[in-house]
Asks: 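Have a look at the structure that comes next, please.
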Protein chains: 2
Amino acid sequence: MRTEGRAKRLPRAVRERQIMDAAVDVFSRLGFHAASMDEISEVAGISKPMLYAYLGSKEELFAICIRREATRMMEAIATGVEPDQEPDVQLWSGLRAFFGFVGENRASWLVLHRQASTQGGPFAVELTDMRSRAVSLVAALLTQSTKAPATVLEAESLAAALVGAGESLAEWWLDHPEEPAGVVAARLMNLVWMGFGDLVEGNVWHPPSRRQVSG
Amino acid sequence: MRTEGRAKRLPRAVRERQIMDAAVDVFSRLGFHAASMDEISEVAGISKPMLYAYLGSKEELFAICIRREATRMMEAIATGVEPDQEPDVQLWSGLRAFFGFVGENRASWLVLHRQASTQGGPFAVELTDMRSRAVSLVAALLTQSTKAPATVLEAESLAAALVGAGESLAEWWLDHPEEPAGVVAARLMNLVWMGFGDLVEGNVWHPPSRRQVSG
DNA sequence: CCTGGTACCTACTCGCGAGTAAGACTACTG
DNA sequence: CAGTAGTCTTACTCGCGAGTAGGTACCAGG
């Protein structure tokens with residue numbers, strides 16, 4: 001709130017972290033344009049010139065936020081996925097990691113998904129980059145494991161659809177936080193692995209633990 | 001461009017259409033905040049006070065654009081879907097209609113999907129409304145046709161995922177316009193109906209025409 | 001106690017864009 | 001040729017927010 005006059009003296013590195021946290025918070029709530037540097041400085045608990053002294057312009061600050069959050073998220077997913085496993089298991093791990101991250105980092109997710117994708121500035125680069133890394137990952141997973149002849153475009157577009165389904169479901173989840181991450185992830189897993197066709201018939205996909213129990 | 005002094009005198013209804021077309025164009029390119037009323041008036045070929053005289057404030061204008069484009073799109077989809085058909089056929093018709101509309105109305109789609117969903121103002125209402133109509137439609141389709149016991153939340157979240165997949169694939173398509181609408185629609189159809197599990201095995205879904213030929 | 005360096009501040013400038021006041025042009029009606 | 005209703009304009013006001021100038025508090029080392 002920062003109603004008092006002067007802020008406590010802190011080393012630069014610490015302040016920078018505080019500022020970036022505040023920026024992610026404000027950007028996630030208001031979007032890039034509507035967010036003001038005044039409000040960010042307010043939330044961060046310091047005055048505006050500090051922002052400029054430490055993090056440069058508004059655009060730079062936004063780009064820095066995106067880069068940081070994107071990295072955190074991709075690392076969370078990469079950590080959760082074991083290569084050299086069955087395709088469905090890899091996909092399942094990725095989905096669990098993704099929804100886990102979103103659940104614990106709402107603000108990060110909002111900045112990444114909503115705000116960044118809209119603004120056409122230098123941010124689109126950062127964002128498109130991360131998104132295409134995700135798409136490529138899925139596309140590779142699909143390509144390497146399919147037996148049917150598939151074009152690159154085909155794999156890529158399917159991957160885009162899957163990533164979009166994940167994003168959209170994450171968005172939906174924000175309005176239904178009572179659902180556990182695992183349940184939401186499992187639903188998407190069933191949709192994209194089994195398809196409506198199977199689900200309508202009552203056929204579902206089971207995670208590996210059950211498979212080992214029954215096998 | 002409007003480098004000349006005075007615009008030709010036209011009846012109000014016609015001007016309003018021109019203004020709305022211009023607004024959709026500018027909003028789709030720049031987003032709500034970055035778009036300026038000056039630029040919209042420029043593109044529309046008239047002066048700024050006309051905007052305010054005819055369409056009210058900037059927010060009103062944006063809301064009007066969203067409402068108009070959303071209605072056009074929902075009508076396009078509704079026209080393409082025949083109720084009382086097999087679930088997969090209904091889904092297929094809907095997807096075809098959707099991608100058909102997006103292909104022929106890039107600007108409309110951008111305004112609806114990117115711009116409107118981001119701004120938190122009174123627009124979110126219009127947008128969320130249309131989106132949930134779409135989600136409900138799919139959810140109903142799924143619920144009514146499934147044999148397995150499914151909760152409302154389950155159907156709704158799957159529908160959200162499917163709608164998101166469609167949106168995302170439409171976005172991807174904007175970067176790969178060389179692909180025909182039908183091909184893109186068919187890919188999504190295969191993904192959500194058959195699932196990766198089947199696709200990996202080479203099993204694909206066929207549209208009804210082939211089915212009749214082979215049946 | 002001075003000297004410098006770093007954290008931090010108040011109080012501005014300045015441009016951009018939403019919205020408006022006040023009037024000018026056109027056309028139809030008698 | 002008035003009069004009047006509707007179209008269209010130029011030329012403003014005014015607030016908001018990005019970015020800055022020019023300081024003040026605090027902590028070293030001498």
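Chain identifiers are assigned alphabetically (A, B, ...) following the order of the sequence lines, protein sequences preceding nucleic acid strands; residue numbering begins at 1 within each chain.
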Asks: Using whole Å, what does the distance between atom P of nucleotide D:dT7 and atom CD1 of B:I19 come to?
Replies: 11 Å
Asks: Among pairs that include at least one residue of residues 94-106 of chain A, which meet salt bridge (charged side-chain N to carboxylate O under 4.0 Å, His left out), considering only residues two or more places apart or in two chains?
Replies: none
Asks: Quick one: list whatever passes side chain to side chain donor-acceptor pair (under 3.5 Å) with A:R67, sequence neighbours left out.
Replies: A:E126
Asks: Can you sort out the partners of B:L153 under side-chain contact (heavy atoms from CB on, under 4.5 Å), two or more places apart, ordered by chain and number?
Replies: A:W172, A:H176, A:E178, A:E179, A:R187, B:T151
Asks: Can you tell me if B:Y54 touches the phosphate of D:dG6, counting only side-chain N or O atoms and a distance under 4.0 Å to OP1 or OP2?
Replies: no
Asks: OP1, OP2 of D:dC8 versus side-chain N and O of B:R15: anything below 4.0 Å?
Replies: yes
Asks: Run the side chain to side chain donor-acceptor pair (under 3.5 Å) test against A:S108 and tell me which residues pass, sequence neighbours left out.
Replies: A:E69, A:R72
Asks: Within the structure provided, determine whether B:I46 and B:Q18 are in side-chain contact (heavy-atom separation under 4.5 Å).
Replies: no
Asks: For A:D25, what residues pass the side chain to side chain donor-acceptor pair (under 3.5 Å) criterion, not counting sequence neighbours?
Replies: A:R29
Asks: I'd like a table of atom pairs between the protein and nucleotides 26-30 of chain C - only N or O on both sides, under 3.5 Å - with the distance next to each one.
Replies:
| from | atom 1 | to | atom 2 | distance (Å) |
| --- | --- | --- | --- | --- |
| C:dT26 | O2 | B:R9 | NH1 | 3.4 |
| C:dT26 | O2 | B:R9 | NH2 | 3.1 |

Asks: What N/O pairs connect the protein and nucleotides 17-21 of chain C at under 3.5 Å? Give each pair on its own line.
Replies:
| from | atom 1 | to | atom 2 | distance (Å) |
| --- | --- | --- | --- | --- |
| C:dA18 | OP1 | B:A35 | O | 3.3 |
| C:dA18 | OP1 | B:K58 | NZ | 2.9 |
| C:dA18 | OP2 | B:M37 | N | 2.8 |
| C:dA18 | N7 | B:K48 | NZ | 3.3 |
| C:dG19 | OP2 | B:Y52 | OH | 3.3 |
| C:dG19 | OP2 | B:K58 | N | 3.1 |
| C:dG19 | N7 | B:K48 | NZ | 2.9 |
| C:dG19 | O6 | B:K48 | NZ | 2.8 |

Asks: Starting from C1' on D:dT9, measure out to NZ on B:K8 and report it in whole angstrom.
Replies: 18 Å
Asks: What is the separation between atom CD on B:E39 and atom P on C:dC16, rounded to the nearest whole Å?
Replies: 14 Å
Asks: Can you sort out the partners of B:L55 under side-chain contact (heavy atoms from CB on, under 4.5 Å), two or more places apart, ordered by chain and number?
Replies: B:E16, B:I19, B:L61, B:I64
Asks: Name all residues meeting the ring pair (Phe, Tyr, Trp, His ring centres under 6.0 Å) criterion together with A:F196; count only those two or more places apart in sequence or in a different chain, and write none if there are none.
Replies: none
